[in-house]
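Structure first, commentary second.
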Amino acid sequence: MEKLKVMTIFGTRPEAIKMAPLVKKMEEYEEIESIVCLTAQHREMLDMVVELFDIKPNYDLNVMKHGQTISDITVKVLKGIEEVLIKEKPHIVLVHGDTSTTFVGALAAFYQKIKVGHVEAGLRSGNIYSPYPEEMNRRLTTNLASIHFAPTDGNYNNLIKEGVDEKNIFITGNTVIDALLSVVKKDYIFENQLLNNIDYENKKVIVMTCHRRENWGKPMEDIFTSVKELAQENKEVEVIFPVHLNPNIRSLANSIMGDQENIHLIEPLDYEPFANLLNKAYLILTDSGGIQEEAPALGKPILVMRTETERPEAAEAGTVKIIGVEKDNIKEGVNLLLNDKYEYEKMANAINPYGDGAASKRTVEALLYYFGLRSERP
Ligand code: UD1
Ligand code: UDP
């Protein structure tokens with residue numbers, strides 16, 4: 001029998017982290033021929049993950065350039081993937097989440113009349129400009145996809161409300177939990193000496209990340225200024241900020257926070273040390289999407305510097321607070337968790353609305369079912 005030819009397309013760090021367990025899982029199935037196409041919308045931050053999970057890409061479009069715009073990525077990825085699809089003719093293309101690679105990968109497949117499976121489908125903030133452009137990327141990808149892998153019941157319901165046929169939606173959990181569980185270890189030792197030398201017991205370690213497009217400019221300036229003031233006012237705090245490789249973010253972070261002794265601006269970390277750092281932190285301050293899913297699983301309070309989220313589950317469960325991007329709100333949110341033990345304990349609960357570590361397996365089984373290679377719906 002002909003094998004099911006599945007082409008997985010991804011290009012940024014978070015997509016790689018969340019697609020890696022799925023690619024590895026597909027390798028276990030004889031019925032599947034798995035092909036990986038990297039767009040390399042990110043370069044170093046993508047390669048770190050690809051190496052960690054020992055993924056051997058079949059194609060690498062190498063599109064990244066410094067200062068790239070959304071249109072730059074769109075044009076290069078669309079043209080690059082077209083060629084690969086014409087050559088490989090997969091039965092299905094899998095894309096993940098909400099980046100430009102996701103949407104354009106799905107569009108390129110549609111133009112070739114190749115089916116699209118959307119992993120991490122159905123998340124919605126309700127505002128097309130926040131997260132920007134991710135909310136629209138995700139909605140457009142829904143329209144291009146034939147199969148939708150929804151992490152949660154809420155994501156499933158969002159798709160149903162938009163008229164997606166229930167028979168094409170599978171609730172799988174989020175593969176980020178598969179990835180997280182594979183790298184977080186008790187008593188983890190960092191290679192980075194700065195991280196090893198931090199006194200996680202007696203200091204209050206805040207792990208911070210910040211990169212969203214809608215926060216560029218004034219909101220990001222306010223975020224960095226509030227963190228600097230918090231660090232000045234709370235000597236027991238150590239802020240660790242692995243700074244995204246976007247040059248604009250790096251120069252702003254350096255100019256505002258660079259000389260504060262208890263703020264450590266470091267290079268992006270490999271996924272394994274980063275996940276273990278989250279696990280040792282006192283609290284997390286971020287505008288990231290994926291970290292909103294990881295921190296709750298580790299029982300870490302997380303303050304989200306955004307005005308909206310497409311991931312309401314952990315906020316509803318009390319582990320995540322959406323604190324916005326205003327200076328006063330950020331300082332108030334952090335100070336409360338630094339000084340009020342009761343408030344801290346209330347948020348420091350390990351909850352896991354995003355999966356049990358078996359999302360990749362469910363996704364593969366759903367794929368096989370969809371193509372008639374399994375009789376039972378997973
Ligand atoms: C992209 C995604 C965003 C995702 C984020 C994860 C879009 C429009 N944006 O945003 O959804 O949350 O990735 O991090 O799809 N750079 C490097 N090396 C790298 C990665 C980035 O130097 O490995 C620099 C480059 O100068 C690049 C810039 O960062 O031009 C921005 O990268 P880009 O992918 O355009 O935007 P992100 O903000 O990373
Ligand atoms: N991450 C990492 N190293 C870092 C910072 C983040 O491996 O230095 C991981 C993090 O654990 C999460 C993912 O990268 O899984 C989040 O990526 P990012 O914040 O770039 O994108 P988003 O999730 O906002 O789309």
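We count ligands from 1, going down the list as the structure has it; atoms in each ligand are counted the same way.
Ring pair Phe224/Phe241: centre-to-centre distance below 6.0 Å.
Contacts between Pro133 and ligand 1, counted as non-hydrogen atom pairs separated by less than 4.0 Å, involve the side chain only. Contacts between Glu294 and ligand 2 below 4.0 angstrom, taking non-hydrogen atoms only, involve the side chain exclusively. With a 4.0 Å cut-off on non-hydrogen atoms, Pro131 does not touch ligand 1 at all.
Among the atoms of Asp98, none of the N or O lies under 3.5 angstrom from an N or O of ligand 1. On a distance-only criterion, Asn137 and ligand 1 share no N/O pair closer than 3.5 Å. Residue Gln41 places at least one N or O, backbone or side chain, under 3.5 Å from an N or O of ligand 1. Ligand 1 has no nitrogen or oxygen under 3.5 angstrom from a nitrogen or oxygen of Arg13. Ligand 1 has a nitrogen or oxygen under 3.5 angstrom from a nitrogen or oxygen of Gly67. Remark: ligand 1 and Glu134 share an N or O pair separated by less than 3.5 Å (distance only, no angle test). Between Trp216 and ligand 1, no N or O atom pair is found at a separation short of 3.5 Å. Residue His244 has at least one N or O atom closer than 3.5 Å to an N or O atom of ligand 1.
Arg374 and Glu376 are not joined by a salt bridge, as no carboxylate oxygen comes within less than 4.0 angstrom of a charged side-chain nitrogen. A salt bridge is absent between Glu365 and Arg362: the closest approach of a Lys/Arg side-chain nitrogen to an acidic carboxylate oxygen does not fall below 4.0 angstrom. Between Glu135 and Arg139 there is a salt bridge, since a side-chain N of the basic residue sits under 4.0 Å from a carboxylate O of the acidic one. A salt bridge is absent between Glu238 and Lys204: the closest approach of a Lys/Arg side-chain nitrogen to an acidic carboxylate oxygen does not fall below 4.0 angstrom.
The distance from ligand 2 to the heavy atoms of Pro268 drops below 4.0 Å at these ligand atoms: 8 (O). The ligand atoms of ligand 2 that sit less than 4.0 angstrom from a heavy atom of Ser288 are 16 (C), 19 (O), 22 (P), 23 (O), 24 (O). Remark: ligand 1 atoms within the under-4.0 Å shell around heavy atoms of Arg212 are 11 (O), 12 (O).
Judged by a 6.0 Å distance limit and a 45° cone about the ring axis, Arg377 is positioned over the six-membered ring of Phe170.
Not one N or O on the side chain of Asn349 forms a donor-acceptor pair closer than 3.5 Å with the backbone of Ile351. Thr152 places a side-chain N or O within donor-acceptor distance of the main-chain N or O of Asn155, the cut-off being under 3.5 Å.
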